Amino acid sequence: MQQPLLYYQNNLLGMLNLLEVMRSHNCYQMVFSSSCTVYGEPEHLPITETHPTGKITNVYGRTKYFIEEMLKDLSAAEKRWNIISLRYFNPVGAHPSGLIGEDPTKEFTNLMPFMAQVALGKKPVLTVFGNDYNTPDGTGIRDYIHVMDLANGHVAALKLLNDNQVGLKVYNLGTGKGVSVKELVDVFERVTDTKIPLQYVSRRLGDITAMWADATLARDELGWTTKYTIEEMCTDFWRWQTMNPDGYPKNTKTTVIIANGNS
Ligand SMILES: CC(=O)N[C@H]1[C@@H](OP(=O)(O)OP(=O)(O)OC[C@H]2O[C@@H](n3ccc(=O)[nH]c3=O)[C@H](O)[C@@H]2O)O[C@H](CO)[C@@H](O)[C@@H]1O
């Protein structure tokens with residue numbers, strides 16, 4: 001929120017440049033990482049792809065929305081484009097090996113990484129933003145999705161694009177289940193055998209009360225469903241965090257393992 005121009009520069013101009021370069025190389029196929037933030041405060045739950053978009057509460061979400069609008073215009077004007085926009089709900093977890101995960105580039109603000117920092121003793125307390133929401137336990141509800149399920153959603157999208165000319169299609173990637181902050185903390189504590197001290201404070205500006213996906217369309221058209229449980233999201237994230245408490249080692253050469261086993 002503090003650096004809107006940076007978001008617009010990176011996301012909007014970056015996408016504009018990418019689309020132009022793609023076109024100049026006759027490449028018209030794209031899977032776009034969109035976000036459930038394009039829906040804003042939901043008018044109904046679960047959220048289907050037909051839910052209105054645009055009433056967004058933060059700059060990051062607005063860039064995703066503007067890009068979707070740009071892709072709509074582009075695919076309507078030039079029929080060669082073949083694009084799938086995937087609206088991610090809340091991605092969490094890590095690769096089950098513990099070797100691949102989120103490398104922090106700035107201070108964590110998202111719930112699961114912050115909670116893990118508290119469990120590691122790097123932060124004293126988890127600040128819970130609001131316990132007066134109109135939800136069963138008063139805390140915010142989200143649809144957390146394991147990054148491995150998210151990755152599989154991309155493979156399914158690529159398969160669809162490979163075999164069909166879709167123009168532009170949009171799919172929600174979520175589990176369809178809402179989980180509160182308090183519930184996620186409880187599961188995390190249980191499966192990692194840690195204790196997360198909580199401090200309840202007032203709501204965070206721009207936060208949504210509750211959102212979860214209707215992912216029926218992705219199931220029917222992409223043949224994709226989620227497989228990972230909330231427990232697995234927590235254990236896999238914890239494995240990554242304990243194996244790599246500061247993310248990837250800095251100033252070392254990254255080893256890339258390619259399909260045939262060479263590196
Ligand atoms: C306002 C904001 O930054 N929104 C971003 C955030 O959404 P979103 O707010 O859904 O995700 P978070 O992980 O930041 O928060 C999830 C839930 O945990 C609560 N919470 C979070 C952190 C914390 O320290 N304490 C706490 O109580 C939040 O109030 C919310 O109810 O991540 C999404 C990606 O995953 C982005 O698409 C959203 O643009």
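In listed order, ligands and their atoms are each counted from 1. All of these numbers come straight from a predicted model, not from anything done at the bench.
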Please confirm whether Y39 and H44 have ring centers closer than 6.0 angstrom. no
Test F89 against I47 for side-chain contact (heavy atoms from CB on, under 4.5 Å), laying out the working first. CA-CA 10 Å; F89 279 65; I47 303 174; 4.2 Å; yes
Element-labelled atoms of ligand 1 that are located less than 4.0 Å from some non-hydrogen atom of T37: 37 (O), 38 (C), 39 (O)
Distance col, row L74:CG vs R80:CZ, nearest 0.5 angstrom, shows 10.0 Å
Apply the test salt bridge (Lys or Arg N to Asp or Glu O under 4.0 Å) to residues D186 and K182: give CA-CA distance (whole Å), side-chain angles for both, the deciding distance (0.1 Å), then the verdict. CA-CA 6 Å; D186 288 346; K182 190 72 184 54; 3.2 Å; yes
Mark up the atoms of ligand 1 that fall under 4.0 Å of a heavy atom belonging to R204, in ascending order. 9 (O), 12 (P), 14 (O), 15 (O), 28 (C)
Within the 4.0 Å heavy-atom shell around T109, which atoms of ligand 1 are there? 14 (O), 22 (C)
Does ligand 1 have any atom sitting under 4.0 Å from a heavy atom of G61? no
Which atoms of ligand 1 sit under 4.0 Å from any heavy atom of P91? 35 (O)
Which atoms from ligand 1 have a heavy atom of T127 less than 4.0 Å away? 23 (C), 24 (O), 25 (N), 26 (C), 27 (O)
Output the list of atoms in ligand 1 that are nearer than 4.0 Å to some heavy atom of R142, sorted by atom number. 8 (P), 9 (O), 10 (O), 16 (C), 30 (C), 31 (O)
What atoms of ligand 1 come within less than 4.0 Å of a heavy atom belonging to G140? 31 (O)
At under 4.0 Å between heavy atoms, which part of N58 makes contact with ligand 1: side chain, backbone, both or neither? side chain
Exercise: do E232 and T229 side chains pair donor with acceptor under 3.5 Å: yes
Ring pair (Phe, Tyr, Trp, His ring centres under 6.0 Å) test vs H154 passes for just one of W224, Y171, F32, Y88, namely Y88
Would you say that L184 contacts C234 through its side chain, given a criterion of any heavy-atom pair below 4.5 Å between the two side chains? yes
Heavy-atom distances under 4.0 Å decide this one: backbone, side chain, both or neither, for V181 against ligand 1? side chain
Select the closest option to atom 16 (C) of ligand 1 among Y200, Y144, F129, judged by heavy-atom distance. Y144
Should the heavy atoms of other residues, nucleotides or ligands under 6.0 Å from CG of D103 be counted, would the total exceed 12? yes
Does any N/O atom on M112 come nearer than 3.5 Å to any N/O atom on ligand 1? no
I'd like to check which ligand 1 atoms, numbered from 1 as shown, lie under 4.0 Å from a non-hydrogen atom of D207. 1 (C), 9 (O), 28 (C), 29 (O)
Which pairs, with at least one residue in residues 120-132 and sequence neighbours excluded, count as a salt bridge (Lys or Arg N to Asp or Glu O under 4.0 Å)? E107-K123, K122-D246, D132-R203
